[in-house]
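Convention: sequence-line order gives letters A, B, ...; per-chain numbering from 1.
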Amino acid sequence: MDNLAFDTMIGAYLLDPGKRAYDLDSLALEFFNYKKVSITELIGTGKKQINFSQVPIEKATSYSCEDADFTFRLKKHLEPKIIDMKLQPLLNDIEMPLISVLGDMEEAGVRIDTNFLGELSKEYGAKLAELEKKIYDECGEEFNLNSPQQLGRILFDKLKLKSTRRTAKGGSRATSVDILTKLAEEHHVPRMMLEYRQLTKLKSTYIDALPLMVNHRTGLVHTSFNQTIAATGRLSSTDPNLQNIPIKTDEGREIRKAFIPRADDSKILSADYSQIELRIMAHFANDPMMIASFQKGEDIHRRTAAEVYGVDINDVTPAQRRKAKTANFAIIYGVSAYGLAQQSELSFTESKDFIQVYFERYPGIKSYMDRSIEFARNNGFVSTMFNRRRYLPDISAKSVQARQFAERIAINMPIQGTAADMIKIAMIHIAQRMKGMKSKMILQVHDELVFDVYTGELEKLKNIVKTEMEYAVELKVPIKVDLAVGNNWLEAK
DNA sequence: ATAAGCACGC
DNA sequence: GACGTACGTGCTTATA
């Protein structure tokens with residue numbers, strides 16, 4: 001698989017990663033205005049779908065020739081554009097070599113402890129049945145707890161709680177977590193609904209769904225990593241999505257115990273980039289204070305709190321650090337004072353002051369943001385350290401909403417995208433050095449790599465992984481990777 | 001089938 | 001005065 005010459009999906013994605021689809025049919029239509037025969041015209045859909053081998057040979061022949069023809073035409077059309085836009089290194093040194101790395105990871109698969117999930121399903125199922133009964137009792141009637149519409153009727157019509165917000169699209173009365181959390185101060189039902197929502201989410205999306213995804217031949221779960229979905233250059237994972245396995249709550253973390261080593265003599269190794277996006281921002285912004293802090297190996301959120309609150313780093317309170325941490329993440333996304341207030345414990349006024357002092361202490365950050373937006377206005381796009389590009393057609397839009405959205409992307413995409421470039425480079429180098437080893441790279445979760453490592457190879461692999469991740473790209477700040485080993489994914493954290 | 005609302009991750 | 005945090009996937013309900 002390493003002798004691939006070109007890939008039309010990836011080529012078109014690098015030329016413009018903001019598009020909806022890169023499949024052959026879409027690209028043929030877009031670039032040649034040609035409507036190909038769709039596969040469903042040959043094999044049908046749903047229950048009546050047949051195998052391609054059952055398609056009459058004449059139809060199969062012309063279909064296949066059309067595929068080959070347009071693949072070649074697209075290659076000839078896309079490659080010069082790749083060269084013009086200086087995307088060759090990104091294509092040839094990162095995205096193309098990554099194809100086989102991802103293929104190997106998908107094929108390697110992940111072992112899931114289905115017995116453990118079965119037990120967890122019973123446990124959470126019992127808790128849910130109990131909750132369900134209590135909620136019906138408290139409401140004086142039964143309704144579908146999974147229906148936001150019916151819940152709205154109960155909360156706002158029957159129990160007379162105050163509806164504070166409408167949903168963005170349908171305009172119905174919102175019952176999302178922030179609303180229910182507020183209402184939980186004055187009533188049991190919203191509090192219990194929050195618990196119900198959390199547990200049903202865990203049970204339906206993970207606990208009950210994952211065992212169904214175990215491959216009958218291998219006994220393992222094989223996700224698909226998609227290389228041409230995210231507009232920032234990140235990967236995505238589907239069927240199942242193994243990039244959103246719970247970790248925040250104790251109930252959710254239990255699920256990570258089900259991700260286990262494939263053999264008696266292997267372990268799970270997890271390697272995490274520490275604060276990678278803030279480090280990249282410090283690098284781009286060339287901000288003296290933030291760079292110095294990373295060079296000293298400080299806790300960046302404590303340093304931020306110390307600067308903003310004007311106290312010694314050793315005197316920062318937990319509450320101050322919490323607020324600084326929220327602010328640091330919000331800054332990466334280009335948040336407003338209002339947004340920060342919504343997200344944190346800060347009031348609107350406190351948020352405004354916080355952001356003002358933040359930019360006084362980290363002047364480089366402010367000028368990075370202004371420069372990014374200015375660049376986008378002048379050029380119509382922004383890009384990462386490795387020339388990955390994203391177009392921002394709305395950067396000068398009349399609509400305030402559309403324009404501000406484009407401005408936030410102008411700030412965030414180069415940071416998030418450079419982090420994506422970096423871990424992709426590390427993955428390629430690691431895969432190269434793992435050749436001949438029994439251990440497997442099995443997952444990528446944006447700033448984390450997960451391995452199923454044989455104990456005899458543990459020390460060697462730890463060294464390879466740490467080195468290749470930390471030295472994939474050179475920044476003005478040191479890059480730190482945390483390693484952890486365990487008998488499941490939770491222990492390896 | 002598709003949209004809406006919601007919730008999980010980074 | 002608007003507007004109000006980036007990138008994803010998947011579940012269930014409601015509607016067509």
Side-chain angles (χ1 to χ4, degrees), chain A residues 17-18 45-46 143-152 165-180 193-194 196-210 213 223-226 229-249 251-253 255-256 272-273 275-277 281 326-344 348 351-352 372 382 390 392 397-417 419-420 423 443-448:
Chain A
T45 54
F143 62 102
N144 189 339
L145 298 177
N146 297 314
S147 163
Q149 195 182 71
Q150 295 183 36
L151 176 64
R165 208 187 67 213
R166 295 274 166 173
T167 60
K169 284 178 185 163
S172 48
R173 292 169 297 189
T175 65
S176 51
V177 62
D178 51 321
I179 307 276
L180 293 186
M193 275 307 304
L194 284 167
Y196 178 85
R197 285 244 179 101
Q198 194 212 350
L199 290 177
T200 45
K201 174 71 180 179
L202 298 176
K203 190 165 182 292
S204 66
T205 306
Y206 306 101
I207 299 170
D208 292 341
L210 281 172
M213 299 297 296
T223 186
S224 292
F225 287 108
N226 201 312
I229 293 282
T232 54
R234 275 189 176 183
L235 300 176
S236 80
S237 157
T238 53
D239 307 303
N241 180 358
L242 296 184
Q243 291 183 321
N244 74 342
I245 302 303
I247 187 139
K248 277 195 332 223
T249 66
E251 292 86 351
R253 287 164 73 88
I255 294 165
R256 294 206 166 211
D272 267 84
Y273 277 116
Q275 313 292 357
I276 192 61
E277 294 194 348
M281 183 170 74
T326 310
N328 273 328
F329 288 119
I331 293 287
I332 292 174
Y333 301 141
V335 75
S336 65
Y338 177 91
L340 181 58
Q342 291 297 308
Q343 171 74 30
S344 69
F348 177 72
S351 292
K352 239 173 78 183
S372 276
V382 287
R390 180 172 180 183
L392 299 172
K398 289 201 185 73
S399 154
V400 176
Q401 188 177 1
R403 191 174 64 245
Q404 289 185 346
F405 188 54
E407 289 174 355
R408 289 195 294 275
I409 298 171
I411 293 167
N412 176 264
M413 184 274 174
I415 300 171
Q416 190 181 119
I423 196 166
L443 293 174
Q444 189 254 40
V445 192
H446 310 306
D447 64 355
E448 174 189 12

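Distance noted for atom C1' between C/dA6 and B/dA3: 23 Å (whole Å). On the C1' atoms, C/dT5 is 15 Å away from B/dG9, given to the nearest whole Å. Between B/dA7 and C/dA2, the distance separating the two P atoms is 27 Å to the nearest Å.
Summarising the geometry, the separation between CD1 on A/I255 and P on B/dG9 is reported as 9 Å, rounded to the nearest angstrom. Atom pair A/K398:NZ and C/dC3:P shows a separation of 17 Å (rounding to whole Å applied). In this structure, the CD atom of A/Q150 is 15 Å from the C1' atom of B/dC6, given to the nearest Å.
When the side-chain contact (heavy atoms from CB on, under 4.5 Å) test is applied to A/Q401, the partners found at least two apart in sequence or on another chain are A/S399. By the side-chain contact (heavy atoms from CB on, under 4.5 Å) test, A/Q198 pairs with A/L202, A/T249, A/E251, sequence neighbours left out. Under the side-chain contact (heavy atoms from CB on, under 4.5 Å) criterion, A/A209 pairs with no residue, sequence neighbours left out.
Pairing analysis of DNA chain C (Watson-Crick: purine N1 to pyrimidine N3 plus N6-O4 or O6-N4; G-U wobble: N1-O2 and O6-N3; both under 3.5 Å) yields stems of 3 or more pairs at B:1-9 with C:7-15.
Under the 4.5 Å side-chain criterion, counting only non-hydrogen atoms from C-beta, A/N244 is in contact with A/Y206. In this structure, A/L151 and A/L145 have side chains that are not in contact, with every pair of non-hydrogen atoms separated by 4.5 Å or more. Side-chain contact between A/Y196 and A/N146 is present, with heavy atoms from C-beta onward closer than 4.5 Å.
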N/O donor-acceptor pairs under 3.5 Å from side chains in residues 404-413 of chain A, not counting sequence neighbours:
residue	atom	partner	partner atom	Å
A/E407	OE2	A/R377	NH2	3.4
A/N412	OD1	A/Q416	NE2	3.3

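Put simply, A/S172 has a side-chain N or O that comes within less than 4.0 Å of OP1 or OP2 on B/dG5. Phosphate contact (OP1/OP2 of B/dA7, side-chain N/O of A/R197, threshold under 4.0 Å): present. Proximity of A/T175 to the phosphate of B/dC6: a side-chain N or O atom is located under 4.0 Å from OP1 or OP2. The shortest distance between the side-chain N/O atoms of A/N244 and the OP1/OP2 oxygens of C/dG8 is not below 4.0 Å. Contact annotation: A/S147 side-chain N/O to C/dA14 OP1/OP2 distance is under 4.0 Å. One finds a side-chain N or O of A/S236 lying less than 4.0 angstrom from the OP1 or OP2 phosphate oxygen of C/dT9. Look at A/S336 and you won't find any side-chain N or O under 4.0 angstrom from OP1 or OP2 of C/dC3.
Residue-to-nucleotide proximity on DNA chain C shows that, of A/R234 and A/Q401, the 5′-proximal contact is made by A/Q401.
Residue A/Q149 places no side-chain atom within donor-acceptor reach of the base of C/dA14, judged by atom type and a 3.5 Å distance cut-off alone.
Residues A/P246 and A/R256 approach most closely at O-NE, 2.8 Å, considering heavy atoms.
Within residues 201-210 of chain A, the residues that place at least one heavy atom under 4.0 Å from DNA chain B are, in residue-number order, A/K201, A/Y206.
Here the side chain of A/V400 is nearest to one of C/dA6, C/dC3, B/dC6, namely C/dC3.
Looking at A/E448, A/H446, A/R234, A/Q444 one by one, the single match for side-chain contact (heavy atoms from CB on, under 4.5 Å) with A/I423 turns out to be A/Q444.
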